[in-house]
Amino acid sequence: MDAISKALDKKILSTLLSNMVPEPGGKPIPLISIDEKSGQFEVDPQAMVFLESLPRDKKVAVVAIAGPYRTGKSFLANRLLNQSSGFEIGSTTQACTKGIWMWNKPVAISEEVSMLLIDTEGLASTERSTNVDIKIFTLSVLLASLFIYNQMGPITENSIEDLSLVANLSSLIRVGSDDDIKHYFPSFFWVMRDFYHDLEGRTPKQYLEDCLQENPRLSADSLKKNKVRGAIVQCFKERECFALGRPVAEEVKLAHVETVPWESLRPEFKRQALHLVNTVGKKLKPKAIAGKHLNGSMFLQLALEYTEALNSKEAPTVLTALDRVIQAETVKVCDLAFHGFRDEVEQAMGEETLPVAMKEFHKIERRLSDKYQLQFQRQLASILSFADILKETHKFKEKIREHMTVKYQQNYSASYHFSKGLLTSLLKDLKKDAPPPIHEYLSQWQSLLRDYQEQGGQSCLQWEVLAHAISGHEDVIKRELVDELEKQGKDMDAVDEYNASSPTVVTTENFLDLLQTYVEALCEQMTEQLQRLKIVQTERLQQERRLTLTKKANEQ
Ligand SMILES: Nc1nc2c(ncn2[C@@H]2O[C@H](COP(=O)(O)OP(=O)(O)OP(=O)(O)O)[C@@H](O)[C@H]2O)c(=O)[nH]1
Ligand SMILES: [Mg+2]
C-alpha cells in the first residue's frame with residue numbers, strides 16, 4: 001500500500017494537503033472573456049480587482065487546466081481546490097466553461113507563494129473557431145507556471161493531433177531575444193481521464209515518454225504528428241503524466257459527478273486524484289519570466305499584455321511583455337510607497353496637528369522617508385537591477401522632497417497664524433492695565449515673553465512673529481516709557497541712541513535673549529537717566545537754594 005492510500009485509510013487527508021490549503025470561501029470569476037461578436041479577448045474587471053488585491057510580496061504560482069471540451073477539466077480544477085463543486089460543471093453535451101476563468105481565492109502553497117487556479121474553455125468545441133482555440137491555448141501556456149493538459153482516455157495518434165497547437169507555439173510566441181523559447185514554457189502535466197488500460201508495468205510518465213517517441217512510419221500524416229511530438233518534447237522540458245480512472249462506477253452518476261460526495265467516489269480515483277493534487281503541490285513553481293517572479297498585480301499586467309498582443313494579431317513577445325510588466329510594477333510600487341508616505345505624514349502632521357516644531361518636522365520627515373524608501377527598494381529588489389533601483393530611489397526621493405516642500409510651507413503658514421494668535425491674546429492682557437508704572441510694565445513684558453516661549457514652542461515662526469510684533473510694538477513700548485519719563489520731565493535721548501545701535505530686524509531663535517538684553521538695557525538706561533535727572537534735580541534744588549540764600553543775603 002503506498003503512502004497516499006495509507007494516508008487515506010488513516011483519514012489524514014488534511015495533513016497530506018496541508019501545504020495546499022485553500023482559504024475558506026471563494027468562487028470562480030472570469031479572468032479573460034471573449035467578445036462573441038468581435039472575437040476580442042478582454043481581461044475581466046473582476047479579475048483585475050482580485051489580482052490587484054493580492055499582497056505585493058507574495059509570488060503567484062499559476063496552474064492552468066486546458067484540453068478538449070467536455071473532458072472533466074472543471075471537475076478536476078475543483079479537486080485541486082479539495083472540493084467537489086466550485087468551477088461550473090456542465091452535465092449536457094454543450095460546452096460549459098466559456099473563456100478563461102480563475103478561482104478568486106489564492107491557495108497558500110508556502111509563506112511567500114500562493115497558487116492561482118485557471119480553468120479554460122474546452123478546445124475543439126463545435127461553437128468556436130480554431131482561431132479562438134489557438135488563442136485560449138496560447139494564453140493558458142503563457143500564463144501558467146504549470147500547465148495541465150486534460151483529455152479522455154489513453155494517448156492516441158488522435159490526441160497527438162489534437163495537440164497540433166503546440167507545434168505552432170514557437171511561431172505564435174516570440175521571446176524577444178536570441179534565447180530559446182523553451183526556457184519560457186511551463187511544466188507540463190498530461191492527465192488521462194477514464195483511463196483503465198494496462199500500462200504493462202510502466203508508470204504513466206514512462207507511458208507518455210513512449211507515446212512522444214517519433215513514429216518511424218514515414219507517411220505524411222506521421223511526419224505531421226512527429227512534428228507535434230518533437231514540439232511537445234522541445235517546449236515542455238518538465239513533463240509528467242497521470243492516469244485517472246472513472247470517478248464513479250455507475251454511468252448515470254457521471255453526468256453529475258460533482259454531486260457525489262468525496263467519500264463515495266471510487267477509492268482508486270481518490271488515490272489517483274490525490275496523487276495528482278499532491279504532485280501539483282510539490283512541483284508547482286512560482287510564475288517567473290527570465291528569473292523575475294511575478295506577484296498578483298504583475299500577473300494581471302502580463303495577462304493584459306498578452307491579450308492585447310493577441311487582439312492586435314501580433315505574436316505575444318515574452319520579454320517585451322516582461323519589460324512592460326516590470327515598468328508597470330515599478331510605477332505601482334513607487335506610487336504605493338509615496339501614498340503610504342504621504343498618508344503617514346498627514347497622520348503625523350495633518351492640518352489640525354500643525355504647526356509642529358521644526359526639529360519634530362524633520363524628525364518625522366526623516367523617519368517616514370527612510371521607512372518608505374526601504375519598503376520601496378525591497379519590493380523592487382527582485383525585479384530591477386541595482387543601478388535601476390538607485391535611479392528609481394532618486395526619483396522617489398525627489399517626489400518626497402516636493403511633497404515636503406509643500407508641507408513645510410503649510411507648517412510655516414500654520415506657525416505664523418498660531419504664533420500671531422497666541423501673541424495677540426497675550427498682548428491683550430498686557431494692554432489691559434497699561435500704562436502701569438514703568439517697572440511693572442517691563443516686568444509684564446518679561447512674563448509675557450516667558451508665557452509666549454512656553455506655549456508657542458511648536459511654531460517655527462515663534463521668534464519671527466514676536467520680532468515682527470515687537471518692531472511694531474516698540475513704538476508703544478517707547479511711547480509708554482517716554483510718557484512715563486516725560487511725566488517725570490525727563491528726556492529720552494539715551495533710549496533713542498540705544499535703539500539706533502540695536503539690530504532692527506531680529507529673526508533668530510535668540511530673540512528672547514536679545515529682547516531681554518534690550519529690555520534690560522532699556523532698564524539700565526532708564527535707571528541711569530533717572531539718576532542723571534536726580535542729579536540735575538538736586539543741582540537745580542541746590543541752585544534754587546543757593547539763589548534763595550543769595551536773595552535773602554542781599555535783602556539783609
Ligand atoms: N466520464 C467522466 N465524466 C466526468 C469526469 N469528471 C467529470 N465528468 C462529467 O463530465 C461532464 C463535464 O464535466 P466538466 O468538468 O464540466 O468538463 P469540462 O471539461 O470542464 O467541460 P467544458 O468546460 O465544457 O469544456 C459532467 O457531466 C461531469 O459530471 C470523469 O472523470 N469521467
Ligand atoms: Mg469546464
Side-chain angles (χ1 to χ4, degrees), residues 1-22 26 28 61 63-68 70-91 96-97 101 103 107 109 115-120 122 144 146-155 187-197 199 202-205 207-208 239-251 253-284:
M1 194 184 267
D2 64 25
I4 298 164
S5 309
K6 271 188 207 156
L8 255 179
D9 282 351
K10 287 182 189 161
K11 293 196 170 45
I12 54 166
L13 175 68
S14 57
T15 322
L16 190 70
L17 296 174
S18 60
N19 61 342
M20 284 186 68
V21 185
V63 178
I65 306 179
R70 318 303 295 135
T71 51
K73 295 184 297 298
S74 300
F75 178 65
L76 179 63
N78 292 334
R79 285 275 36 106
L80 285 173
L81 293 168
N82 195 25
Q83 58 199 27
S84 299
S85 54
F87 283 107
E88 200 186 343
I89 294 170
S91 57
C96 175
T97 308
W101 288 68
W103 195 250
V107 180
I109 298 282
M115 177 182 86
L116 297 178
L117 185 57
I118 291 179
D119 183 22
T120 63
L146 196 157
F147 178 80
I148 296 179
Y149 183 73
N150 184 79
Q151 66 143 61
M152 277 289 171
I155 302 171
S187 313
F188 181 81
F189 281 17
W190 191 314
V191 178
M192 304 175 291
R193 308 291 289 272
D194 287 5
F195 190 89
Y196 54 85
H197 305 78
L199 287 175
R202 292 173 294 178
T203 61
K205 179 160 163 63
Y207 168 69
L208 170 68
R239 300 181 291 273
E240 294 286 340
C241 184
F242 299 84
L244 268 59
R246 273 194 179 186
V248 282
E250 306 93 314
E251 244 172 41
K253 285 188 183 166
L254 273 178
H256 297 280
V257 73
E258 76 279 8
T259 58
V260 182
W262 168 255
E263 301 76 47
S264 309
L265 297 178
R266 286 178 58 229
E268 185 64 358
F269 176 83
K270 286 195 280 190
R271 191 185 67 78
Q272 292 160 333
L274 273 175
H275 175 55
L276 169 60
V277 170
N278 204 29
T279 315
V280 168
K282 272 198 222 139
K283 300 262 168 157
L284 187 57

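Residue numbers run from 1 in the order of the sequence given. Only heavy atoms go into these numbers, but all of them, side chains included; no hydrogens, no water, no symmetry mates.
- Taken to the nearest 0.5 Å, the NZ atom of K205 stands 14.0 Å off from the CG atom of L199.
- Using cut-offs of 30° and 60° on the angle between ring planes, the pair Y149 and F147 is parallel.
- For the pair E251 and R246, the salt-bridge criterion is met [side-chain N within less than 4.0 Å of a carboxylate O].
- Inter-residue side-chain proximity for R79 and L276 is flagged as unmet; no heavy-atom pair is nearer than 4.5 Å.
- For the pair K73 (side chain) and D119 (backbone), a donor-acceptor distance under 3.5 Å is absent.
- At least one side-chain heavy atom of V257 sits under 4.5 Å from a side-chain heavy atom of L265.
- Nearest heavy atom pair, residue G245 against residue Q272, reads N-OE1, 2.8 Å.
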message = Run the side chain to side chain contact (heavy atoms under 4.5 Å, CB included) test on F189 and L146 for me, step by step, so that the C-alpha distance in whole Å, both residues' side-chain angles and the decisive distance to 0.1 Å come before the verdict.
response = CA-CA 7 Å; F189 281 17; L146 196 157; 3.8 Å; yes
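- Atoms CD1 and CG, on I109 and L284 in that order, are 5.0 Å from each other to the nearest 0.5 Å.
- Here W190 contributes atom CH2 and I148 contributes atom CD1; the two are 14.0 Å apart, rounded to the nearest 0.5 Å.
- A donor-acceptor contact shorter than 3.5 Å is absent between the side chain of D194 and the backbone of M152.
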ask   = Going through the distances and angles, do H275 and R271 end up as a side chain to side chain contact (heavy atoms under 4.5 Å, CB included)?
value = CA-CA 6 Å; H275 175 55; R271 191 185 67 78; 5.6 Å; no
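- Nearest approach of A64 to A144, heavy atoms of both residues: CB-CB, 3.7 Å.
- Here the CD1 atom belonging to I65 is positioned 5.0 Å from the CG atom belonging to L80, to the nearest 0.5 angstrom.
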task = Please lay out, stage by stage, how I155 and L208 fare under the test side chain to side chain contact (heavy atoms under 4.5 Å, CB included).
result = CA-CA 8 Å; I155 302 171; L208 170 68; 3.6 Å; yes
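- Summarising the geometry of T120 relative to A66, their closest heavy-atom pair is OG1-CA, 3.2 Å, with the distance given to 0.1 Å.
- In terms of heavy-atom proximity, P154 sits nearest to M192 at CA-SD, 4.1 Å.
- Heavy atoms from other residues, nucleotides or ligands lying under 6.0 Å from NZ of K283 number 12 at most.
- Residues P247 and L254 have side chains in contact (heavy-atom distance under 4.5 Å, counting atoms from C-beta outward).
- Closest of all the heavy-atom pairs between F75 and F269 is CE2-CZ, 3.7 Å.
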task = Quick one: do W101 and E88 satisfy side chain to side chain contact (heavy atoms under 4.5 Å, CB included)? Show the steps, please.
result = CA-CA 10 Å; W101 288 68; E88 200 186 343; 6.0 Å; no
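- S74 and T97 make their closest contact through OG-OG1, 3.0 Å (heavy atoms, listed as atom of the first residue, atom of the second, distance).
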